[in-house]
Amino acid sequence: MKIALQINEGPYQHQAADSAIQFTKAALARGHEIYRVFFYHDGVNNATRLAIPPQDDRNLYEKWSKLQKEHNLDLVVCIAAAQRRGMIDEDEMKRQGKDANNIAEGFRISGLGQLIEAGIEADRLIVFGA
Amino acid sequence: MAKKFMYINRKAPYGTIYALESLEVVLIGAAFDQDVSLAFIGDGVYQLTKGQNTKGIGQKSFSPVYMALGDYDVNKIYVEKESLEERGLTLDDLQHLVWEDEDEDYAEKDSIRLVSRSELSDVLDDQDVVLSF
Amino acid sequence: MTMLHTVNKSPFESKAFDTCLGLAKSGSTILLIEDGVYAATTGNSVADKIKNTSDINFCVLGADAQARGIEAKLAEGIKVVDYEGFVDLVAEHDTVQAWL
């Protein structure tokens, strides 16, 4: 079965992102396809590679990047929500004339249409939020 | 075949960004020709109230956007009766949302459907995709 | 159509659980996750609501209950599932609604 996820909250502040990672791993273990993970609202903050959690804590963006690499996941960060919150990839950095970018490996920035498309194409859409 | 998309709104506007960003999804989603409904439950009903003026809080008011939903063919707007009553509100406290029915010579029709909890329960049960914010 | 409802808030902090219970149809499943698991303990003020709602299946995510030290206090009749069980519930129901 094709399952899509929407994540509405950033890392650490709320458990939503942790739950979504555990769910994603379990879904893959059960043989399902993760059609897309769509990061919205503060959920876009999951994609910053500049996060430095304490060494004895989990590193959520690294977990996503690793999962992406292993399973070729489609991790999509909403561009409108991302730009509001200062989440920016290299292309946008150049286009907007900014001096830095922060999107971690394995994530891509795209539009809200990707969320609707996930709703259309996937068999199930599950939302993690607050 | 079009899927039935339901956007569930349960949060008040301005205090958090959920209402505004939910509306942004609805507007983008309107281009996908799906069967779209919106439900306003709990504090979500506060999104639709009249008389919002955000000048003093430094935020843009997105209240007028709800009035435009009809132009995007988003015209199934379910408001839970119990949620209004709990908050001391009636339909008169909400903006008058309308849409124009092309099939009936662009007759103006109400978009808001006031439904009881049990009626809303049936509507929810009939959806293919439920988006919550 | 059957729906899987997830609730991730304590019933004492938010109306999410009550709203979900009010709108969930007979035969649907409510899965308590994150802080939502507190609804599933015995002797609390919402325990009767769960007990008296026999036409809805109640499940609790075991990992969240364990994390909060309430596994031994879970009310009878509430099924404990792990994350793979959560995935199975998603697959078994037609739609998923998160009461955030």
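So that the names make sense, note that chain A is the first sequence line, chain B the second, and so on, each numbered from 1.
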(message) Any carboxylate oxygen within less than 4.0 angstrom of a Lys/Arg side-chain nitrogen, looking at B:Glu86 and C:Lys15?
(response) yes
(request) Side chain from CB out, backbone as N, CA, C, O: work out which of these in B:Asp122 comes under 4.5 Å of a heavy atom of chain C, or both, or neither. (result) both
(message) Please give me the minimum heavy-atom distance between C:Ile50 and C:Ala40, naming the atom from each residue.
(response) CD1-CA, 4.4 Å
(request) State whether B:Lys50 and B:Asp93 are salt-bridged, where the test is any N-O pair (Lys NZ or Arg NE/NH1/NH2 against Asp/Glu carboxylate O) under 4.0 Å. (result) no
(message) Taking side chain as everything from C-beta outward and backbone as N, CA, C, O, which of these in B:Arg117 sits under 4.5 Å from a heavy atom of chain C? Side chain, backbone, both or neither.
(response) both
(request) Look at the rings of C:Trp99 and C:His5 and say which category their plane angle falls in: under 30° parallel, 30 to 60° tilted, over 60° perpendicular. (result) parallel
(message) Closer than 4.0 angstrom, basic N to acidic O: yes or no for C:Glu76 and C:Lys51?
(response) no
(message) Under 4.5 Å from any heavy atom of chain C, what part of B:Ile41 do you find: side chain, backbone, both or neither?
(response) side chain
(request) Check whether B:Leu131 gets within reach of chain C through its side chain, its backbone, both or neither, counting any heavy atom under 4.5 Å. (result) neither
(request) Could you tell me which portion of B:Phe133 (side chain, backbone, both or neither) has an atom closer than 4.5 angstrom to a non-hydrogen atom of chain C? (result) backbone
(message) Please classify the contact of B:Glu82 with chain C as side chain, backbone, both or neither, using a heavy-atom distance under 4.5 Å.
(response) neither
